[in-house]
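Chain naming here is simple, since letters A, B, ... match the order of the sequence lines and numbering starts at 1 in each. A quick note: this is a predicted structure, and the numbers were derived from the prediction, not measured.
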Amino acid sequence: MTFRLYDTATRDVRDFVPLEEGKAGLYVCGLTVQSEPHVGHVRSAVNFDVLQRWLRLRGYDVTFIRNVTDIDDKIIAKADGFGRPWYSHAAAMKRELDKAYAALNVAPPTYEPLATGHIPEMLELIETLIEKGHAYPAADGSGDVYFDVRSWPQYGELTRQGIDDMEAAEDADPRGKRDPRDFALWKGRKESEPETASWPSPWGRGRPGWHIECSAMAGKYLGPAFDIHGGGVDLRFPHHENEQAQSRAAGHPFASYWMHNAWITTAGEKMSKSLGNSLTIPSVLQRYRGIELRFYIVAAHYRSHVEFSFEALDEAAVGFRRIESFLERAGDVEAGALPDAFVAALDDDLGTPAAVAVIYDTVREGNKADDPRPYAAEVVAMLDVLGINPADPAWGTSGGDDQKLTDAVDALVAGLLEQRAQARADKDFAAADAIRDRIKAAGIEVEDTPHGPKWSIS
RNA sequence: GGUGGGUUGGCCGAGAGGCGAGGCAACGGACUGCAAAUCCGUGUACACGGGUUCAAAUCCCGUACCCACCUCCA
């Protein structure tokens, strides 16, 4: 059985055939670090994290590049609002992003290049495009350089659009463009912009256009041709279309497969960066554990639109706790083998919903069995693939004060449970229940198990 | 105008021609002193109208509604 994935470019599910046997080169568009990350951003990261884990488990030597855009219009504009330089703002938001990734157990990529660290590579690519007749410096002396879409007949092939069918942007400032659809490879510095946000170039000081960074960095770290390019659906056009056009026009075959994750919306609206609402990662993590949010994300297919709601997240969290309590009952086990159905699910375009169903089936079998451990071993292995194994150290240890607090509560509850045990032994159930109710009033649930009573925070 | 996607039971969410994915909730039962947990059972769900087929949620035609992208976006 081979891994199959949906390729946006061909619009069908195809066998994954890497360019080089046993290796997989993966480039994913990360974020523009302009504001706090929200649930939608993290969905993309989690989806591609699962892809990375699956490819590795499938035996591929994976090179995973996920870039960070740390210079662009919005960053400059937003930094102004904070009263700090653009680079300071970008760095601060990058730290928030890293925290969010860590909180969701998103494994780090092989390398995480910054746009500002690759200006020479971009300039080189732009010059190649000019030499080949696919780009030109603006005639208006602005210092801008544009990609000439009319010079590239395949323009629009990724998203199956004809140039003449495209609407020109309403706010399109024709500037020095030959065609309104031409896009900026390089932006000449404007007087209003900070000097620090510009770099020297053959066309004067300026900064890179948005798309060129990905072409340059993918080329540098993965080579002119690589296997998979990913990102959110919104990036298909213009970003990915432009990336592909400029890379291929420069003579690079570029990506073999394109993967795009769907949106998470709220109240029917997409989470735009401008909303800045309650769905930032820090705010969601005040109410739910990272592992619960990740489970919620992974329980839906990456290509399906998700309408975010706290009710749905609640349900997911409750369901996930059933898996966790099964593992607690089973005790410590090593990861075992993956059930065939689970492997088949992930091989089929990362079918995580079907994979989660296999986890639940296994949990049920384990709950029925005299010895749950073999089942727990399978469950642990499956959870590891999805990045939601509660025992994974990535979720952090609750040591220190938490542990001291737990010990203190345990000592107090233990005394009460002894009294209750005595009452039960005396068949004085009214007294026994009164003790249990009193403990419950403090927010602690008592359950009787074959191994004696157990308490947990309710 | 162009391009892509969607509409599944009380709710979430898979599936892409033929045994009702899975979860949450609800109800009944087993277990329990009672609970909890766990297990067993209970649902005739596929936007609408036609069509193809022995068989359609799944394919075809049409209709309605929703969403995304068209140079800031995960």
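Residue A:Y6 places its side chain closer to B:G5 than to any other of B:A36, B:G5, B:A25. Taking the side chain of A:S304 as heavy atoms from C-beta on, and the options B:A14, B:A25, B:G5, the nearest nucleotide is B:A14. When the nucleotides B:G4, B:U71, B:G13 are ranked by their closest atom to the side chain of A:R11, B:G4 comes out on top.
With hydrogens and angles disregarded, no donor-acceptor distance shorter than 3.5 Å links the side chain of A:D70 to the backbone of A:A90. Without hydrogens or angle criteria, A:D7 side chain to A:Y257 main chain gives no donor-acceptor distance under 3.5 Å.
For the pair A:E447 CD and B:C34 P, the computed distance is 17 Å after rounding to whole Å. Taking atom NE2 on A:H301 and atom C1' on B:G5, their separation rounds to 13 Å, with Å as the unit. A:R160 has its CZ atom 14 Å from the C1' atom of B:G5, to the nearest Å. Rounded to whole angstrom, the span from the CZ atom of A:R436 across to the P atom of B:U32 amounts to 15 Å. Regarding A:D361, its CG atom lies at a distance of 17 Å from the P atom of B:A14, rounded to whole Å. One interatomic measurement links the two molecules: CD of A:E315 to P of B:A14, which rounds to 13 Å at whole-angstrom precision.
Taking the ring centroids of A:F226 and A:F254, they lie under the 6.0 Å cut-off. The ring of A:F308 has its center closer than 6.0 angstrom to the ring center of A:Y296. Aromatic pair A:H118/A:Y221: centroids less than 6.0 angstrom apart. Aromatic ring centres of A:W263 and A:H305 lie farther apart than the 6.0 Å criterion allows.
In terms of the side chain to side chain donor-acceptor pair (under 3.5 Å) criterion, residue partners of A:E324 (sequence neighbours excluded) are, by chain and number, A:R289. Remark: A:Y136 pairs with A:D182 by the side chain to side chain donor-acceptor pair (under 3.5 Å) rule, at least two apart or across chains. Applying the ring pair (Phe, Tyr, Trp, His ring centres under 6.0 Å) criterion to A:Y101, with sequence neighbours excluded, gives no partner residue. Shown here are the side chain to side chain donor-acceptor pair (under 3.5 Å) partners of A:Y288, two or more places apart in sequence or in another chain: A:D314. In this view, A:H260 and A:H240 satisfy the ring pair (Phe, Tyr, Trp, His ring centres under 6.0 Å) rule, not counting sequence neighbours.
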I'd like a table of donor-acceptor pairs (distance under 3.5 Å, sequence neighbours excluded) in which one partner is a side-chain atom from residues 375-391 of chain A, with atom names and distances.
residue: A:D384; atom: OD1; partner: A:N389; partner atom: ND2; Å: 3.1
residue: A:N389; atom: OD1; partner: A:A391; partner atom: N; Å: 3.0

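Residue A:N367 is classed as a sugar-phosphate contact, given heavy-atom separations below 4.0 Å to backbone atoms only. Among the protein residues, A:F183 comes within range of the nucleic acid bases, having at least one heavy atom under 4.0 Å from a base atom. Counting any heavy atom pair closer than 4.0 Å across all strands shown, A:R43 reaches no nucleic acid atom. Using a 4.0 Å heavy-atom criterion, one finds that A:D448 contacts the bases of the nucleic acid, with or without backbone contacts as well. Backbone-only contact: A:G30 has heavy atoms under 4.0 Å from sugar-phosphate atoms and none from a base. Within the nucleic acid shown, A:R364 comes within 4.0 Å of sugar-phosphate atoms alone, with no base atom in reach, counting heavy atoms only.
Counted by atom type alone, A:T32 and A:Q34 present zero donor-acceptor pairs between their side chains at under 3.5 Å. Under 3.5 Å, the side chains of A:S198 and A:E193 contain no donor-acceptor pair of N or O atoms. Inspection of the A:E307 and A:T265 side chains reveals an N or O donor paired with an N or O acceptor under 3.5 Å.
Remark: A:A300 in residues 290-300 of chain A come within less than 4.0 Å of RNA chain B through at least one heavy atom. Residues from residues 322-332 of chain A that place a heavy atom under 4.0 Å from any atom of RNA chain B, listed by number: A:R322, A:R329. Within residues 94-109 of chain A, no residue is approached by RNA chain B to less than 4.0 Å at the level of any non-hydrogen atom. Within residues 415-434 of chain A, the residues that have a heavy atom under 4.0 Å from RNA chain B are, in order of number, A:R420, A:R424, A:F429, A:D433. Of the residues in residues 230-242 of chain A, those placing a heavy atom less than 4.0 Å from an atom of RNA chain B are A:G231, A:G232, A:D234, A:L235, A:R236, A:F237, A:P238, A:N242, in numerical order.
A tilted orientation is assigned to the rings of A:H239 and A:H211, their planes being inclined by 30° to 60°. Aromatic ring orientation, A:F320 versus A:F295: tilted (interplanar angle from 30° to 60°).
Taking a pair as Watson-Crick or G-U wobble with both distances under 3.5 Å, RNA chain B forms stems of 3 or more consecutive pairs at B:1-7 with B:64-70, B:10-12 with B:22-24, B:26-30 with B:38-42, B:47-51 with B:59-63.
Nucleotides B:U53 and B:A45 have their P atoms positioned 26 Å apart, rounded to a whole Å. Between B:C72 and B:G1, the distance separating the two P atoms is 23 Å to the nearest Å. Remark: the separation of the C1' atoms in B:U63 and B:G6 is 16 Å, to the nearest Å. Here, B:C59 and B:G17 have their P atoms 7 Å apart, quoted to the whole Å. Nucleotides B:U58 and B:G50, compared at atom P, are 14 Å apart to the nearest Å. B:A37 and B:A26 have their P atoms separated by 10 Å, given to the nearest Å. Only the C1' atoms considered, B:G23 is 27 Å distant from B:A56, to the nearest whole Å. Rounded to whole Å, the C1' atom of B:A14 lies 36 Å from the corresponding atom of B:U71.
Salt-bridge check for A:D72 with A:K187: failed, with every basic side-chain N at 4.0 Å or more from each acidic carboxylate O. Taking the charged nitrogens against the carboxylate oxygens, A:R150 and A:D164 do have a contact shorter than 4.0 Å, which makes a salt bridge.
Residue A:T449 places no side-chain N or O under 4.0 Å from the OP1 or OP2 atom of B:A36. Here A:K177 does not reach the OP1 or OP2 of B:U71: none of its side-chain N or O atoms lies under 4.0 Å away. For the OP1/OP2 pair of B:G6 and a distance below 4.0 Å, the side-chain nitrogens and oxygens of A:R303 include no atom meeting the criterion.
Summarising the geometry of A:I126 relative to A:L185, their closest heavy-atom pair is CD1-O, 3.6 Å, with the distance given to 0.1 Å. When all heavy atoms are compared, the tightest approach of A:V68 to A:K94 is CG2-CE, 3.8 Å.
Counted within 6.0 Å of CG on A:D332, heavy atoms from surrounding residues, nucleotides or ligands total 12 or fewer; the atom is thus considered open.
Between the base of B:C72 and the side chain of A:K74 there is a donor-acceptor pair shorter than 3.5 Å. Contact annotation: side chain of A:D314 to base of B:C11, donor-acceptor pair absent below 3.5 Å. Side-chain to base pairing of A:Y155 with B:U71: one donor and one acceptor N or O lie within less than 3.5 Å of each other.
Between A:V446 and A:Q161, the residue anchored closer to the 5' end of RNA chain B is A:Q161, taking for each the nucleotide with the nearest heavy atom.
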